[in-house]
Engineer: 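Sharing a structure with you now.
Every value quoted in this text rests on a predicted model; they were computed, and no experiment measured them. Every chain is numbered from 1 and lettered A, B, ... according to where its sequence line falls, protein lines coming before strand lines.
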Amino acid sequence: MKDSVYRAPKGTRDLVWPDSERRRSFINLFAEIAGSSGYAEIVLPMFEHREVFQRLGDGTDVVRKEMYDFEDKGGRNIALRPEQTASIVRSYVENRPSLPWKVWYAGPNFRYERAQKGRFRQFDQVGLEALGPEDPHLDIEVIAIAWRFYEALGLRKVNLQLNSIGTSQDRVRYIEALSRYLENQKEFLSKESQDTFAVNPLRVLDSKRDEDVQVISEAPSILDHLSDGAQSHFNEVQEGLEKLAIPYIVKPTLVRGLDYYVKTTFEFTSESIDAAQDAIGGGGRYDGLAAEMGAPETPGVGFALGLDRTLMACDAEKSFPEPEHMLEIFVVDTTGGANALVITDELRQEGFKVDRSFDDRSMKAQMKAADKSGAKIAVIVGDDEVSNGVVTIRDLRGKGGQEEIASESMIADLRKKLR
RNA sequence: GUGGCCGUAGCUCAGCCCGGUUAGAGCACCUGUUUGUGGUACAGGAUGUCGGGGGUUCAAAUCCCCUCGGUCACCCCA
C-alpha cells in the first residue's frame with residue numbers, strides 16, 4: 001500500500017467522474033426545486049467560531065465528541081461546521097435580512113467520528129431554512145419540498161417520521177416526567193443508556209438497544225405533554241400533509257440529536273439502503289435559536305438531506321443513474337496532431353463535447369481511445385483527407401459505417417448527426 | 001471512544017491453515033495478427049518494497065509481536 005500520508009484522510013474520499021458529475025446533477029436538481037419555491041442560495045463559511053455550534057447543545061454528541069475543532073494562528077477557537085443550520089442562523093443574526101428569509105444551501109460538513117458505510121468525516125448535505133413565520137404551513141412547505149425532491153430523484157421507498165417535541169416549556173415538563181419514569185426503571189436500562197440518562201434524558205429515547213426497547217415503549221409520551229399551542233400546531237402540520245397526500249408516521253420517540261428543535265421534528269429514512277445508516281434527511285423547527293444568538297425572537301424551520309446516503313438509496317432503487325458519457329466526438333489525426341489541434345478547437349467552440357489523443361499514437365491506438373471515450377462519432381484526418389480537403393466521419397456506436405465529408409460542411413453534418 | 005473482518009500487480013482477488021523452485025489469475029494497459037480504422041477473437045509484453053517495523057528460522061507473503069491503514073458494526077447521526 002502507499003504511504004499513509006499520500007491518501008485521503010480517514011473518512012474522506014475523492015469523487016471522480018461519474019460520481020462527481022452525479023453529485024453536481026443532484027445539487028442542480030435540488031437548486032431547481034428549492035429555487036422555484038422562493039428559496040435563494042446561500043454560501044456559508046465552512047468554519048465558524050466554535051461557540052456558534054455550541055448552540056447545538058452541550059449534551060449532544062455532535063458537540064461533545066464529533067466537533068472538528070482547532071485553534072487557529074490567532075488563538076481563535078474554530079470548528080469546521082458539523083451542519084449548516086447554526087451557521088445560517090448566525091448569518092441571520094449578523095445580517096438581519098428582511099423576513100421571511102428563505103435560503104437553500106449545498107456543501108460539505110465535518111464531524112470527527114469513526115467512518116462507516118454511509119458515514120464520513122466530510123459529507124455533503126443539501127438543505128434549506130426558512131426564518132420568520134411561525135405558521136405551520138411553513139413546516140408543511142419545507143417537508144413537502146424535501147418529499148417532492150425525493151420523488152424527483154425517483155425514490156419510492158422513503159418514510160417520513162414526524163413528531164412534535166413541544167415548546168421549550170413543554171419539554172421541561174416532559175423531561176421531568178420522563179426522568180421520574182426512567183429513574184424508576186433505571187436498573188432495566190443498558191449501561192450506555194444509564195450514562196445517557198445522566199447527561200440528556202431525552203436522548204435515551206433514541207436508543208435501539210434491545211434491553212432499552214421495553215422501557216422506552218412504556219415511557220411517558222411527549223405527545224401527552226404538549227401545550228395547547230404546540231398541539232394545534234402539530235395538528236395543522238398533520239392535516240396539511242394529508243391535504244398534500246404526503247404519507248407520514250408519527251413517532252413520539254423521535255427527538256433528534258440537536259437541542260435547538262421545538263415543536264415539529266421529522267426524519268426521512270430509506271427502506272432500500274443496505275447499511276445501518278438509513279436516515280437520509282431530517283429537520284425541524286427551531287424558534288428559539290436566533291434569540292439565543294442575540295437576535296429578537298425569530299422562528300425558523302428547515303431540513304438537511306445527506307447527499308451520499310440519498311445517492312446510496314438511489315443506487316439501491318436504480319434511480320437517478322450516473323451519467324454514461326462525457327463526449328460526443330473524438331478526433332483521430334494520423335498526420336502528427338496539428339489537424340486535431342485545430343479541429344478540436346473549432347468543434348469545441350461550436351459547443352460539441354470533443355477530445356483527441358496526444359503523443360502522435362498509431363491510428364489503431366487512437367481508434368481504441370476513441371472507442372473507450374464513449375464518443376458517438378470519430379472525426380478522422382489523415383494524409384488522404386488533407387490532400388482531398390475532406391474529413392472522415394465514422395460512427396462509433398452502431399456497425400461502424402463511415403463517410404467522407406468536405407471539410408467546410410463538417411460542422412453542419414455533425415450537428416445534423418448529433419443534435 | 002469500543003468490537004469484528006481485511007491489507008499480495010492500476011483494479012478484483014488466489015496463495016497463508018500444513019514456511020522451501022524465477023509470487024499467480026482475471027480485468028485494465030501496451031504491441032502485433034490487420035500496407036491509415038475501435039468495439040469480437042487470438043498471440044505476445046510490461047507491472048509487485050506480498051501495508052510498515054521487529055522477531056523466530058538454514059529459509060517468511062506464509063508463524064509470533066508491535067504498528068499503520070481500510071472496512072463493517074456499536075454509539076449517534078446525514
Engineer: Could you tell me how far B/C50 sits from B/G24 if I compare only their P atoms? Round to whole Å.
Structural biologist: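 B/G24 and B/C50 have their P atoms separated by 14 Å.
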
Engineer: Could you check which of B/G36, B/G39, B/A78 has an atom nearest any side-chain atom of A/Glu113?
Structural biologist: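 Ranking B/G36, B/G39, B/A78 by closest atom to the A/Glu113 side chain puts B/A78 first.
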
Engineer: Return no unless some side-chain N or O of A/Arg114 is found under 4.0 Å from OP1 or OP2 of B/C76.
Structural biologist: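 So the side-chain polar atoms of A/Arg114 never come under 4.0 Å of the phosphate oxygens OP1 or OP2 of B/C76.
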
Engineer: Describe the nucleic acid contact of A/Val126 in one word from base, sugar-phosphate, nothing, applying a heavy-atom distance below 4.0 Å.
Structural biologist: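 Answer is nothing: A/Val126 stays at 4.0 Å or more from every strand.
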
Engineer: Please determine if A/Arg121 forms a cation-pi arrangement with A/Tyr112, meaning its NZ or CZ atom is less than 6.0 Å from the six-membered ring centre and no more than 45° off the ring axis.
Structural biologist: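 Positive - A/Arg121 is close enough to the ring of A/Tyr112 and near enough to its axis.
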
Engineer: So which nucleotide from B/C76, B/U37, B/G36 ends up closest to the side chain of A/Asp384?
Structural biologist: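 The nucleotide sitting nearest to the side chain is B/G36.
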
Engineer: Do the side chain of A/Asp371 and the base of B/G39 come within less than 3.5 angstrom through a donor-acceptor pair of N or O atoms?
Structural biologist: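 Donor-acceptor pair under 3.5 Å: no.
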
Engineer: With respect to the side chain of A/Met363, which nucleotide from B/G36, B/G38, B/A78 is positioned closest?
Structural biologist: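 Output: B/G36.
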
Engineer: Taking N and O atoms by type only, does the side chain of A/Glu66 place a donor or acceptor under 3.5 Å from a partner on the base of B/G1?
Structural biologist: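 Answer is no: no donor-acceptor pair is held.
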
Engineer: Partner of B/U31 by Watson-Crick or G-U wobble geometry, both contacts under 3.5 Å, or none?
Structural biologist: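 Check on B/U31: paired to B/A43, both distances under 3.5 Å.
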
Engineer: Can you name the one residue among A/Lys353, A/Lys376, A/Lys417, A/Arg419 that meets side chain to side chain donor-acceptor pair (under 3.5 Å) with A/Glu328?
Structural biologist: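 For A/Glu328, the side chain to side chain donor-acceptor pair (under 3.5 Å) check succeeds only for A/Arg419.
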
Engineer: Mind checking if A/Gly281 touches a base, just sugar-phosphate, or nothing, with heavy atoms under 4.0 Å?
Structural biologist: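 A/Gly281: backbone/sugar contact only, no base atoms under 4.0 Å.
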
Engineer: Paired with B/G19: which nucleotide, if any, by Watson-Crick or G-U wobble criteria at under 3.5 Å for both distances?
Structural biologist: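 Result: none.
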
Engineer: Pick from A/Lys117, A/Arg119, A/Arg13: which one makes a salt bridge (Lys or Arg N to Asp or Glu O under 4.0 Å) with A/Asp308?
Structural biologist: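 When A/Lys117, A/Arg119, A/Arg13 are each tested with A/Asp308, the salt bridge (Lys or Arg N to Asp or Glu O under 4.0 Å) holds only for A/Arg13.
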
Engineer: Does the B/U37 base have a donor-acceptor partner in the side chain of A/Gln366 within less than 3.5 Å?
Structural biologist: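 In this structure, the two groups form no donor-acceptor pair.
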
Engineer: What integer number of Å spans the C1' atoms of B/C11 and B/U47?
Structural biologist: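 After rounding to an integer number of Å, I get 13 Å for this pair.
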
Engineer: If you assign A/Ser193 and A/Arg397 each to the RNA chain B nucleotide with the nearest heavy atom, which residue ends up on the more 5' nucleotide?
Structural biologist: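 Upstream on the strand: A/Arg397.
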
Engineer: Which atom pairs, donor and acceptor, lie under 3.5 Å between side-chain atoms of residues 136-146 of chain A and protein residues at least two apart or in another chain?
Structural biologist:
| unit_1 | atom_1 | unit_2 | atom_2 | d |
| --- | --- | --- | --- | --- |
| A/Asp139 | OD1 | A/Arg285 | NE | 3.0 |
| A/Asp139 | OD1 | A/Arg285 | NH2 | 2.8 |
| A/Asp139 | OD2 | A/His233 | NE2 | 3.0 |
| A/Asp139 | OD2 | A/Thr264 | OG1 | 2.7 |
| A/Asp139 | OD2 | A/Arg285 | NE | 3.0 |
| A/Glu141 | OE2 | A/Tyr39 | OH | 2.7 |
| A/Glu141 | OE2 | A/Lys102 | NZ | 2.7 |

Engineer: Would you mind reading off the distance between A/Ile27 atom CD1 and B/A78 atom C1', rounded to a whole angstrom?
Structural biologist: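 Value for this atom pair: 14 Å.
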
Engineer: Is it true that the side chains of A/Ser87 and A/Glu48 contain a donor and an acceptor less than 3.5 Å apart?
Structural biologist: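 Distance-only check passes for A/Ser87 and A/Glu48.
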
Engineer: Quick one: which of A/Arg23, A/Arg24, A/Arg309 gives a salt bridge (Lys or Arg N to Asp or Glu O under 4.0 Å) with A/Asp124?
Structural biologist: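 Testing A/Asp124 for a salt bridge (Lys or Arg N to Asp or Glu O under 4.0 Å) against A/Arg23, A/Arg24, A/Arg309 leaves exactly one candidate, A/Arg23.
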
Engineer: Counting any heavy atom closer than 4.0 Å, what does A/Gly127 reach on the DNA or RNA strands: base, sugar-phosphate only, or nothing?
Structural biologist: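 It contacts nothing in the nucleic acid.
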
Engineer: Output the rounded distance in Å from CD (A/Gln116) to P (B/A78).
Structural biologist: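 Whole-Å distance recorded here is 14 Å.
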
Engineer: Does A/Lys10 place a side-chain N or O at less than 4.0 Å from the phosphate oxygens OP1/OP2 of B/G70?
Structural biologist: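 Answer yes for this pair, as a side-chain N or O of A/Lys10 is under 4.0 Å from OP1 or OP2.
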
Engineer: For the pair made of NZ in A/Lys117 and C1' in B/C76, what is the distance, rounded to whole Å?
Structural biologist: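 The answer, rounded to whole Å, is 19 Å.
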
Engineer: Checking only heavy atoms, does the side chain of A/Arg13 share a donor-acceptor pair with the base of B/G70 at less than 3.5 Å?
Structural biologist: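 Not at all, since no donor on one side and acceptor on the other fall under 3.5 Å apart.
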
Engineer: Can you tell me if A/Gln277 touches the phosphate of B/C76, counting only side-chain N or O atoms and a distance under 4.0 Å to OP1 or OP2?
Structural biologist: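 No.
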
Engineer: Distance between the P atoms of B/C5 and B/G44, in whole angstroms?
Structural biologist: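 Result for the P pair: 43 Å, nearest Å.
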
Engineer: Taking B/C29 as the reference, what is the distance to B/C68 when you measure between their P atoms (whole Å, please)?
Structural biologist: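 The same atom, P, in both gives a distance of 38 Å.
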
Engineer: In whole angstrom, give me the gap between the C1' atoms of B/A61 and B/A14.
Structural biologist: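 Roughly 12 Å separates the two C1' atoms.
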
Engineer: Sort out the partner of B/U2 for me: Watson-Crick or G-U wobble, both distances under 3.5 Å, none otherwise.
Structural biologist: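 Because both required distances fall under 3.5 Å, B/U2 counts as paired with B/A73.
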
Engineer: Within 45° of the axis and under 6.0 Å from the centre of the six-membered ring of A/Phe26, does NZ or CZ of A/Arg22 qualify?
Structural biologist: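 Geometry flag: not set, cation outside 6.0 Å or 45°.
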
Engineer: What is the distance from CE of A/Met312 to C1' of B/A78, rounded to the nearest Å?
Structural biologist: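 To the nearest whole Å, that distance equals 11 Å.
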
Engineer: Now, which nucleotide makes the Watson-Crick or G-U wobble pair with B/A9, with each of the two distances under 3.5 Å?
Structural biologist: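 B/A9 is unpaired by these criteria.
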
Engineer: Between B/G54 and B/C18, how far apart are the two C1' atoms, rounded to whole Å?
Structural biologist: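 My reading of the C1' atoms in B/G54 and B/C18 gives 25 Å.
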
Engineer: Of A/Glu83 and A/Ser362, whose nearest nucleotide on RNA chain B comes first from the 5' end?
Structural biologist: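 This one resolves to A/Ser362.
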
Engineer: If I pick the P atom on B/G7 and the same atom on B/G51, what distance separates them, to the nearest angstrom?
Structural biologist: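 Going atom to atom, P in each nucleotide, I get 8 Å.
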
Engineer: Check every strand shown and say whether A/Leu307 touches a base, only sugar-phosphate, or nothing at a heavy-atom separation below 4.0 Å.
Structural biologist: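 It contacts nothing in the nucleic acid.
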
Engineer: Would you mind reading off the distance between A/Phe330 atom CZ and B/G39 atom P, rounded to a whole angstrom?
Structural biologist: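 A/Phe330 atom CZ is separated from B/G39 atom P by 14 Å.
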
Engineer: Roughly how far, to the nearest 0.5 Å, is OH of A/Tyr248 from CZ of A/Phe266?
Structural biologist: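 Taking CZ in A/Phe266 and OH in A/Tyr248, the distance rounds to 14.5 Å.
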
Engineer: Calculate the interatomic distance between A/Lys372 atom NZ and B/A28 atom C1'; express it in whole Å.
Structural biologist: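 To the nearest whole Å, that distance equals 8 Å.
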
Engineer: Please classify the nucleic acid contact of A/Asp206 as base, sugar-phosphate, or nothing, using heavy-atom distances under 4.0 Å.
Structural biologist: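 Since only primed, P, OP1 and OP2 atoms lie under 4.0 Å of A/Asp206, the category is sugar-phosphate.
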
Engineer: Tell me the interatomic distance from A/Phe120, atom CZ, to B/G70, atom P, rounded to whole angstroms.
Structural biologist: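 My rounded result for the distance is 13 Å.
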
Engineer: In whole Å, measure the gap between the P atoms of B/C16 and B/U62 for me.
Structural biologist: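 Result for the P pair: 12 Å, nearest Å.
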
Engineer: Using Watson-Crick or G-U wobble geometry with both distances under 3.5 Å, which nucleotide pairs with B/A14?
Structural biologist: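 Pairing partner, where one exists within any strand: none, as none qualifies.
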
Engineer: Would you say the side chain of A/Arg119 and the base of B/C75 hold a donor-acceptor pair, judged only by whether the two atoms sit under 3.5 Å apart?
Structural biologist: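 Donor-acceptor pair under 3.5 Å: yes.
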
Engineer: Counting the atoms with a prime plus P, OP1 and OP2 as sugar-phosphate, which does A/Leu305 contact under 4.0 Å by heavy atoms, base, sugar-phosphate, or nothing?
Structural biologist: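 The answer is nothing, as A/Leu305 stays clear of every strand by at least 4.0 Å.
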
Engineer: Give a yes/no verdict on a cation-pi contact between A/Arg111 and A/Phe123, requiring under 6.0 Å between NZ or CZ and the six-membered ring centre and an angle within 45° of the axis.
Structural biologist: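 Negative - A/Arg111 is either too far from the ring of A/Phe123 or too far off its axis.
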
Engineer: So which nucleotide from B/A73, B/C30, B/A78 ends up closest to the side chain of A/Arg361?
Structural biologist: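 Taking heavy atoms from C-beta onward, the closest nucleotide is B/C30.
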
Engineer: At under 4.0 Å between heavy atoms, what does A/Ala275 touch on the DNA or RNA strands: base, sugar-phosphate, or nothing?
Structural biologist: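 If one applies the 4.0 Å heavy-atom cut-off, A/Ala275 turns out to touch the sugar-phosphate alone, with no base involved.
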
Engineer: Please report the distance, rounded to the nearest Å, between CD in A/Gln402 and P in B/U37.
Structural biologist: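 Spelled out: CD on A/Gln402 to P on B/U37 is 10 Å.
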
Engineer: Nearest to the side chain of A/Lys364, heavy atoms from C-beta on, is which of B/A73, B/U37, B/G36?
Structural biologist: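 Looking only at heavy atoms from C-beta outward on A/Lys364, the closest nucleotide is B/U37.
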
Engineer: Reckon A/Glu385 touches a base, only the sugar-phosphate, or nothing at all at heavy-atom distances under 4.0 Å?
Structural biologist: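 Base, at least one base atom sits under 4.0 Å.
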
